[in-house]
Asker: 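Supplied in structure tokens, the structure appears directly below.
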Amino acid sequence: MNDKIPLAGLPLDELEEALSPAPAFRARQVFRWIAGGAESFDQMSNLSEEMRRELDGRFLVRQTKVVRRFESGDGSLKLQIELADGARIETMALRDGAKRRTACLSTQSGCAMACVFCKTGALRLSRNLSSAEIVEQALHLKDAVSALSNIVFMGMGEPLLNLDALRRAIAVLTGGGGGGGEGGGARAAKAAFSTRRITVSTCGVVKGILSLAEEGPAVRLAVSLTTADEALRRRLMPVAAEANPLPALKDALKRHQAQHTKRITLEAVILGGVNTRTADIEALKAFAEGLDVLINAIPWNPVDGARFEGKPLCAPSGAEIARFAAALERAGLKTVVRRSKGARIAGACGQLGAPTPVDAPDLGRPGAPG
Ligand code: SAH
């Protein structure tokens, strides 16, 4: 393993510190190069050769590498990325319409939450990702699709259980380095994300939501509610059982909304015959009252071997999806049904995780993104 520090994960202030005694403008130049896609110090043409050599001796630009890439006919792209310790994670770029490209980033290798319907949940947690490992996913995706319009932290893992690295990664992604100016400047300035285009999705970790409410960053929030029937939710999502009951979750969301005044997305994965009952609709309606929310209904994407209380889970039929969505609308809940993207490359919601699907075409060459 390489013990050089990867610079891609450092927010500008930390980068200035790492590069000191070099003056701050040098750190801004390096920051812009990295955000603009540079993969080596050699490319940083506005630094002296001596400085480039010196940086190369102490630091890495990026620490991770793309080992496989999968493309699906709907314009989705999944990258398998190898971390410095050999572990592999997955990251996605989804296409929404002609222009919109959404990066779906992972924050942990595996996940400790064990939601019964999710493939990553079955993997158990290996470890938190560092901010470099998070930021580099966006850089690799950008290499491949050239521009990203939105970022969602909806990949592998629970972002709010890796809050430090998440915050630093968001600081890097929104940092931009002041824009304009020398080398890589224009590209890097464009690469800086507004927090309005970043969404953090949580399974409902109350402490983490409160922390975001109080200390920011003011990103958009999505909550994987699944159902607002507490008893059923506890059976589907172990996270709900102990420290995160629905009333506490709702209070946290109210707090978040009071601080950041942004509509919150409630994600409801539709599990055929399980969480589309009248009781679920009534419970959702009661939960949403007093909040500004959009319901995102996500038809369950099959995960091998996923069972709920002894029975295999099944995808909802088109009729069940339509009936559920219509009932939510009738209850006054603004609802969007999310069309499945990337399912053919096992990159749709809840399908991220090792091992590599054998039925997916491998279109990539190792180490050659783009
Ligand atoms: N831990 C975070 C982020 C990862 S899950 C969270 O829970 O929000 C991202 C979304 O995928 C969640 O809304 C979850 O409900 C959904 N999901 C998980 N497994 C799924 C599956 N098999 N099919 C469809 N959606 C799924």
Side-chain angles (χ1 to χ4, degrees), residues 76 89-92 94 102-125 128-129 134 137 151-163 165-166 198-206 208-209 212 219-228 232-233 236-240 244 249 252-253 264-272 274-276 280 284 293-308 312-316 320-321 324 335-353 357:
S76 309
I89 55 162
E90 295 184 334
T91 195
M92 294 277 304
L94 306 165
T102 299
C104 179
L105 306 186
S106 297
T107 52
Q108 298 181 313
S109 171
C111 185
M113 300 292 92
C115 300
V116 301
F117 45 84
C118 178
K119 178 169 172 182
T120 313
L123 295 176
R124 302 295 148 100
L125 179 69
N128 278 337
L129 300 186
I134 297 171
Q137 294 171 53
I151 291 177
V152 296
F153 289 95
M154 267 181 215
M156 301 169 75
E158 170 48 46
L160 298 188
L161 292 180
N162 187 12
L163 248 179
L166 177 74
I198 298 180
T199 300
V200 171
S201 180
T202 174
C203 60
V205 178
V206 168
I209 296 169
L212 283 183
V219 287
R220 292 182 181 277
L221 198 62
V223 178
S224 302
L225 199 62
T226 312
T227 175
L232 177 59
R233 191 166 192 270
L236 294 165
M237 304 176 71
V239 67
N244 303 286
L249 178 59
L253 296 184
I264 291 171
T265 301
L266 299 180
E267 295 158 290
V269 54
I270 310 175
L271 307 168
V274 173
N275 63 345
T276 55
D280 294 292
L284 260 171
V293 293
L294 171 75
I295 311 286
N296 198 336
I298 314 169
W300 184 67
N301 296 307
V303 170
D304 271 354
R307 298 176 79 79
F308 176 52
L313 280 170
C314 52
E320 184 175 5
I321 297 168
F324 183 58
T335 304
V336 171
V337 176
R338 194 192 288 171
R339 281 171 305 135
S340 172
K341 295 207 176 61
R344 295 210 338 262
I345 51 173
C349 282
Q351 292 186 318
L352 292 185

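Order of listing sets the numbers, starting from 1, for every ligand and every atom in it. Every value quoted in this text rests on a predicted model; they were computed, and no experiment measured them.
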Asker: Hydrogens and angles aside, do D280 and T227 bring a side-chain donor and acceptor to less than 3.5 Å of each other?
Answerer: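 T227 and D280 do have a side-chain donor-acceptor pair below 3.5 Å.
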Asker: Considering the options T107, L161, L129, V219, which one meets the side-chain contact (heavy atoms from CB on, under 4.5 Å) requirement together with L166?
Answerer: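 Answer to the side-chain contact (heavy atoms from CB on, under 4.5 Å) test with L166 among T107, L161, L129, V219: T107.
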Asker: Establish, from distance only, whether the side-chain atoms of N128 and Q108 form a donor-acceptor pair under 3.5 Å.
Answerer: yes
Asker: Give the numbers and elements of all ligand 1 atoms closer than 4.0 Å to a heavy atom of C203.
Answerer: 6 (C), 7 (O), 8 (O)
Asker: Are V274 and L232 close enough, and set up right, to give a side chain to side chain contact (heavy atoms under 4.5 Å, CB included), and what steps lead you there?
Answerer: CA-CA 9 Å; V274 173; L232 177 59; 4.1 Å; yes
Asker: Quick one: closest heavy-atom pair of C203 and E158, and the distance?
Answerer: N-OE1, 2.9 Å
Asker: Which atoms form the tightest heavy-atom contact between L253 and V223, and what is the distance?
Answerer: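 The answer is CD2-CG2, 3.6 Å.
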Asker: Among all protein heavy atoms, pick the one closest to atom 7 (O) of ligand 1 and tell me residue, atom and distance.
Answerer: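 That would be S224 OG, 3.3 Å.
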Asker: Ignoring hydrogens, just give me the one of L105, N301, T202 whose non-hydrogen atom is nearest atom 23 (N) of ligand 1.
Answerer: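 Among L105, N301, T202, the closest heavy atom to atom 23 (N) of ligand 1 comes from N301.
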Asker: Among all protein heavy atoms, pick the one closest to atom 15 (O) of ligand 1 and tell me residue, atom and distance.
Answerer: F117 CE1, 3.7 Å
Asker: Tell me, please: is G155 in heavy-atom contact with ligand 1, that is, under 4.0 Å?
Answerer: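 Yes, G155 has heavy atoms under 4.0 Å from ligand 1.
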Asker: Looking at V303, which atoms of ligand 1 are within less than 4.0 Å of one of its heavy atoms?
Answerer: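 Once the distances to V303 are compared, the set is 22 (N).
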Asker: Which of the numbered atoms in ligand 1 are below 4.0 angstrom from a heavy atom of W300?
Answerer: 21 (C), 22 (N), 23 (N), 24 (C)
Asker: Starting from atom 25 (N) of ligand 1, which protein heavy atom do you reach first, and at what distance in Å?
Answerer: C349 CB, 3.2 Å
Asker: What's the shortest distance from atom 5 (S) of ligand 1 to any protein heavy atom, and which residue and atom give it?
Answerer: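 Going by distance alone, atom 5 (S) of ligand 1 is nearest to M154 O, 4.2 Å.
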Asker: In terms of atom number and element, which parts of ligand 1 are under 4.0 angstrom from non-hydrogen atoms of I298?
Answerer: 24 (C), 25 (N)
Asker: Where is the tightest heavy-atom contact between E90 and Q137, given as atom of each residue plus distance?
Answerer: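 Closest heavy-atom pair between E90 and Q137: O-OE1, 4.2 Å.
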Asker: Report the nearest protein non-hydrogen atom to atom 19 (N) of ligand 1: residue, atom name, distance rounded to 0.1 Å.
Answerer: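 For this ligand atom, the closest protein heavy atom is G350 CA, 3.0 Å.
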Asker: Under a 3.5 Å distance rule, please check whether T265 uses its side chain to pair with a backbone N or O of I295 as donor and acceptor.
Answerer: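 It does not hold such a pair.
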Asker: Using heavy-atom distances only, which candidate in A315, G157, S201 approaches atom 1 (N) of ligand 1 most closely?
Answerer: G157
Asker: Does only the side chain of E158 get under 4.0 Å from ligand 1, or the backbone, or both, or neither? Count heavy atoms.
Answerer: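 Answer for E158: both.
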Asker: Quick test: of every protein heavy atom, which one is nearest to atom 10 (C) of ligand 1, and how far off is it to 0.1 Å?
Answerer: E267 OE2, 4.0 Å
Asker: Return yes if some donor-acceptor pair links the side-chain N/O of N275 with the main-chain N/O of T226 below 3.5 Å, else return no.
Answerer: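 Here the side-chain-to-backbone pair exists.
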Asker: Just by modelled atom types, is the M156 backbone N or O under 3.5 Å from a matching donor or acceptor in the S106 side chain?
Answerer: yes
Asker: Going by heavy atoms, is T226 under 4.0 Å from ligand 1?
Answerer: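 Per 4.0 Å heavy-atom rule, T226 does not contact ligand 1.
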